[in-house]
Student: 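What follows is a structure written as structure tokens; I'll ask about it next.
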Amino acid sequence: MDQSGPTRRQLLKAAAGGAAGFVLGAPLRGFAQAPAPAPSDAGIQRLNDDLFVIANPGEANVVAHTTANGVLLVDGGSAAGADRLMKAVAGLPGSGAVHTIFNTHWHPEQTGLNEQLGAAGKTIIAHENTRLWLTRDVTWSWNGRQFKRLPKVAQPNKTFYTTGALESGVRYGYIPDAAHTDGDMYVYFPRQNVLAVGDAVSGQGWPVVDWATGGWIGGIVGGLQRLRTIANEGTRIVPGRGPVLAFADLTQQYEMYGKIYDRLTQLLNKGRGPGEAVEARPTKEFDAQMGNGDEFVRRAFESLWGYLSPDA
């Protein structure tokens, strides 16, 4: 029986559903920020007349779309930051009442506004896997962190499996590669050419590989490839954390994580463990830009067990 696991080429061919490949870019030099006007207020970046990124200190990015019908949000920050977020939303040009929120995945850094909006009868949209995780308690075995299920009123009340669209033209879809969790989704604003991707893409340091709820290093690589087929050269990409990214950043990240994936699978196939993977320093040439990669490497290596060695 072949124990080598899928090659990166095979992995990405499956992930992208046969989409055309692309030539890998130059070595990572630091992610370029997409051109955008300077922030119009503390923590608020205007992407368009009706589209904003709210980045309160210590909180995940929130995208706010203002229309005559009110405000649509992509993610809602933490519960502790809910009041500050709503104050920021209320101060946006053309703002109104929030009518819809997307949860790009189940983590509390994205779902902290759910209870307030759910109790007010607003629409909470998420992938079905995200809703399921929010109905149960979750514990991360690597650090013992516990997450309590959300009350019924705070759980998504509109779910989907593949793709969907709103009457406003906003489109959304599932990222089945499991880059961060197995419920990752994107929200695309076609008129503004802005793609909100939650933590399926990291714009600030190494990402959390939440293998407890399905995320894995191969999913990061496949997810980046998939998002490239949705975006185009002019698309601005809003990650869960960090600055707005450009299309070229997806290529740079794809190359970086692809190299790390290859190195980790080689170590796995040699019978190495997480500690040995850390000692091998598979992120060494990227650490100056991304920060110390030890914790990321450990979680990324562990994530391979469920996908390439499920019986380990």
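Quick note: residue numbers are just sequence positions, from 1.
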Student: Ignoring hydrogens and angles, state whether a donor on the side chain of Asn61 or Asp75 is under 3.5 Å from an acceptor on the partner side chain.
Tutor: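 Not at all, the side chains of Asn61 and Asp75 share no donor-acceptor pair under 3.5 Å.
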
Student: Would Glu295 and Arg299 pass as an ion pair if we require N to O under 4.0 Å?
Tutor: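 A salt bridge is present here (some side-chain N lies under 4.0 Å from a carboxylate O).
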
Student: Kindly give the heavy-atom pair with the smallest separation between Pro156 and Asn114, and that separation in Å.
Tutor: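 In terms of heavy atoms, the two residues are closest at CD-ND2, 4.5 Å.
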
Student: Tell me, which pairs form a salt bridge (Lys or Arg N to Asp or Glu O under 4.0 Å) where one or both residues lie in residues 105-121, sequence neighbours left out?
Tutor: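 Qualifying pairs, neighbours excluded: Glu109-Arg145.
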
Student: Please give the remaining members of the hydrophobic cluster of Trp140, linking ILVMFWY side chains under 4.5 Å, ordered by chain and number.
Tutor: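 Via sub-4.5 Å side-chain contacts, Trp140 links to Trp106, Trp133, Leu134, Val138, Trp142, Phe147, Leu150, Val208, Trp211.
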
Student: Give the table of side-chain donor-acceptor pairs shorter than 3.5 Å for residues 79-96, with sequence neighbours excluded, one pair per line with atom names and distance.
Tutor:
from  : atom 1 : to    : atom 2 : distance (Å)
Ser95 : OG     : Val89 : O      : 2.6

Student: So which pairs with a foot in residues 187-201 pass salt bridge (Lys or Arg N to Asp or Glu O under 4.0 Å), sequence neighbours left out?
Tutor: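 As it turns out, the salt bridge (Lys or Arg N to Asp or Glu O under 4.0 Å) pairs with a partner in residues 187-201, which skip direct neighbours, are Asp50-Arg191.
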
Student: Checking Thr283 now: which residues fulfil side chain to side chain donor-acceptor pair (under 3.5 Å) with it, not counting sequence neighbours?
Tutor: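 Applying side chain to side chain donor-acceptor pair (under 3.5 Å) to Thr283 gives Asp287.
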
Student: Could I get the full list of side-chain contact (heavy atoms from CB on, under 4.5 Å) partners for Arg149, not counting sequence neighbours?
Tutor: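 So Arg149 forms a side-chain contact (heavy atoms from CB on, under 4.5 Å) with Asp137.
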
Student: Which pair of non-hydrogen atoms, one from Tyr307 and one from Gly214, has the smallest distance, and what is that distance?
Tutor: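 That would be OH-O, 2.5 Å.
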
Student: Apply side-chain contact (heavy atoms from CB on, under 4.5 Å) to Asn292 and list each qualifying residue two or more places apart in sequence or on a separate chain.
Tutor: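 Listed in chain order: Asp294.
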
Student: Check residues 157-172 and write down every donor-acceptor pair under 3.5 Å in which the side-chain atom is one partner and the other belongs to a residue at least two apart or another chain.
Tutor:
from   : atom 1 : to     : atom 2 : distance (Å)
Asn157 : OD1    : Ile124 : N      : 2.9
Asn157 : ND2    : Lys122 : O      : 3.0
Thr159 : OG1    : Glu128 : OE1    : 2.9

Student: Suppose we screen for side chain to side chain donor-acceptor pair (under 3.5 Å). Which residues come up paired with Arg241, at least two apart in sequence or across chains?
Tutor: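 Partners of Arg241 by the side chain to side chain donor-acceptor pair (under 3.5 Å) criterion come out as none, since no residue qualifies.
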
Student: Among residues at least two apart in sequence or on other chains, which ones pass side-chain contact (heavy atoms from CB on, under 4.5 Å) with Asp184?
Tutor: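 Checked Asp184 against side-chain contact (heavy atoms from CB on, under 4.5 Å); matches are His105, Ile175, Ala179, His180, Thr181, Ala200.
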
Student: CD1/Ile237 to CD/Gln253 distance, rounded to the nearest 0.5 angstrom?
Tutor: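 Reported value, rounded in 0.5 Å steps: 9.5 Å.
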
Student: Applying salt bridge (Lys or Arg N to Asp or Glu O under 4.0 Å), can you list everything that pairs with Glu276, at least two apart in sequence or on another chain?
Tutor: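 Per chain and number, Glu276 pairs via salt bridge (Lys or Arg N to Asp or Glu O under 4.0 Å) with no residue.
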
Student: Of all residues at least two apart in sequence or in a different chain, which pass the side-chain contact (heavy atoms from CB on, under 4.5 Å) check with Thr139?
Tutor: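 Testing Thr139 for side-chain contact (heavy atoms from CB on, under 4.5 Å), a comparison that skips the adjacent residues, returns Gln146.
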
Student: If you compare all heavy atoms of Phe52 against all heavy atoms of Ile44, which two are closest, and at what distance to 0.1 Å?
Tutor: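 What the structure gives for the nearest pair is CD2-CG2, 4.1 Å.
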
Student: Linking I/L/V/M/F/W/Y whenever their side-chain heavy atoms sit closer than 4.5 Å, directly or via other members, would Trp305 and Ile220 fall into one cluster?
Tutor: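 Yes, because Trp305 and Ile220 connect within a single hydrophobic cluster, where side-chain heavy atoms sit under 4.5 Å apart.
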
Student: Is it true that atom NZ of Lys284 has more than 12 heavy atoms of other residues, nucleotides or ligands lying nearer than 6.0 Å?
Tutor: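 Yes, because the 6.0 Å sphere around NZ of Lys284 holds more than 12 heavy atoms from other groups.
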
Student: Drop me the distance from His65's NE2 to Phe189's CZ, to the nearest 0.5 angstrom.
Tutor: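 Between His65 NE2 and Phe189 CZ, I get 6.5 Å after rounding to 0.5 Å.
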
